[in-house]
Colleague: 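Right, I'll just put the structure down here and ask away after.
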Amino acid sequence: VTAEEPVEPAPVVEEAPRGIGARIWGGLKAFLSVIGKIIFVLILPAAVAGSLLGMPGGVLVLADAILFSAFHGWIAPPWWVLLILLVLAVAGEAAEHVLSFAGVKQSGASNATGVWVMGGGFVGAILGGLIAPLLATIGGLAGPVGWIILSIVPPIGLGLVGGYLGGYYYELRSGKTPEEAKIAGRSAMIGRLTGSFTKALLVAVMAAIVLISTWGELF
């Protein structure tokens, strides 16, 4: 009887430990991914707030969504959602301008008055944005609600005042009486406010669509 030769077990190959450079790079990628997602989410409410100041918030949300989708294989959000966002962004910008100039026309003012209203509103919003951090710091002493209110109110409030003064000044310069200039400035300001709120509402809808379509990749 021939004795069977003992079968030697296969050698166990131990995985080489990852180098310190690979571990650092892996941790850095994970950190950057978290930071990128945080920035992506924070841009959305900032775009809605910026729309109230006459800024192209819809364009900002669309760009934010396109970049996120590009980094996630164009599946979050998918291409058809990007097309919907494009339509809403265009609709928001168009609504703002149409409603703003409708307010100007209602008072009998010219298109140039509308331009002055928008220019004055922009300058006012910039000035409000410059003083907002100081006021927000003071409001923060009363809690988060105070911080939020005093961060938003200055640019919006001064934007409206600037729009009114811009329309009032141009109407006076065009030979209108002070009372006529007041009416034109007020109507133009109301039209701009209506347009800005309409655009902000559409941008808020866009932001909600983006969050819903990217939720699985965010969390």
Side-chain angles (χ1 to χ4, degrees), residues 36-107 109-126 128-129 151-152 155-160 162-164 166-167 170 184-185 187-218:
K37 290 179 179 179
I38 292 175
I39 294 175
F40 166 75
V41 172
L42 290 179
I43 284 176
L44 300 177
V48 177
S51 298
L52 294 172
L53 308 179
M55 298 178 182
V59 176
L60 183 58
V61 172
L62 178 61
D64 195 30
I66 289 175
L67 284 175
F68 193 89
S69 183
F71 278 102
H72 292 83
W74 301 103
I75 58 174
W79 65 268
W80 57 269
V81 171
L82 296 178
L83 288 179
I84 293 175
L85 295 176
L86 174 61
V87 172
L88 290 175
V90 173
E93 295 298 323
E96 182 187 34
H97 288 85
V98 169
L99 292 173
S100 295
F101 280 96
V104 174
K105 289 299 185 181
Q106 186 178 7
S107 66
S110 64
N111 289 339
T113 303
V115 174
W116 275 80
V117 168
M118 296 181 67
F122 181 76
V123 172
I126 294 296
S151 296
I152 297 175
I156 294 178
L158 288 183
L160 292 176
Y164 171 78
Y170 183 79
S187 298
M189 182 188 68
I190 293 174
R192 181 183 182 278
L193 181 63
T194 304
S196 295
F197 269 102
T198 301
K199 183 173 75 169
L201 179 60
L202 288 174
V203 174
V205 171
M206 292 176 64
I209 292 174
V210 170
L211 283 177
I212 292 172
S213 61
T214 58
W215 193 263
E217 295 293 337
L218 288 173

Colleague: Rounded to the nearest 0.5 Å, what separates atom CG in L83 from atom CG in L88?
Modeller: 11.0 Å
Colleague: Drop me the distance from W80's CH2 to S213's OG, to the nearest 0.5 angstrom.
Modeller: 7.5 Å
Colleague: Got a second to check how far L99's CG is from L193's CG, nearest 0.5 Å?
Modeller: 10.5 Å
Colleague: Keeping K37 on the side-chain end and E217 on the backbone end, is there a donor-acceptor pair under 3.5 Å?
Modeller: yes
Colleague: One pair to check against side-chain contact (heavy atoms from CB on, under 4.5 Å): V203 and L60. What are the steps and the verdict?
Modeller: CA-CA 9 Å; V203 174; L60 183 58; over 6 Å; no
Colleague: Atom CZ of F40 and atom CG of L211: how far apart are they, to the nearest 0.5 Å?
Modeller: 6.5 Å
Colleague: Please report the shortest heavy-atom distance between A47 and V61, naming the atom on each side.
Modeller: CB-CG2, 3.5 Å
Colleague: What closest approach, in Å, do V210 and T214 show between heavy atoms, and which atom pair accounts for it?
Modeller: O-OG1, 2.7 Å
Colleague: Quick one: pull up CD in E96 and CG in L202 and give me the separation to the nearest 0.5 Å.
Modeller: 11.0 Å
Colleague: From I39 CD1 over to L44 CG, what is the distance, rounded to the nearest 0.5 angstrom?
Modeller: 12.5 Å
Colleague: Could you pull out the closest heavy-atom pair between S69 and P77, with the gap in Å?
Modeller: OG-O, 2.7 Å
Colleague: Which pair of non-hydrogen atoms, one from L82 and one from A65, has the smallest distance, and what is that distance?
Modeller: CD2-CB, 3.9 Å
Colleague: Where is the tightest heavy-atom contact between I66 and W74, given as atom of each residue plus distance?
Modeller: O-CZ3, 3.9 Å
Colleague: Show the nearest heavy-atom pair for residues A112 and Y170, with the distance to one decimal.
Modeller: CB-OH, 3.3 Å
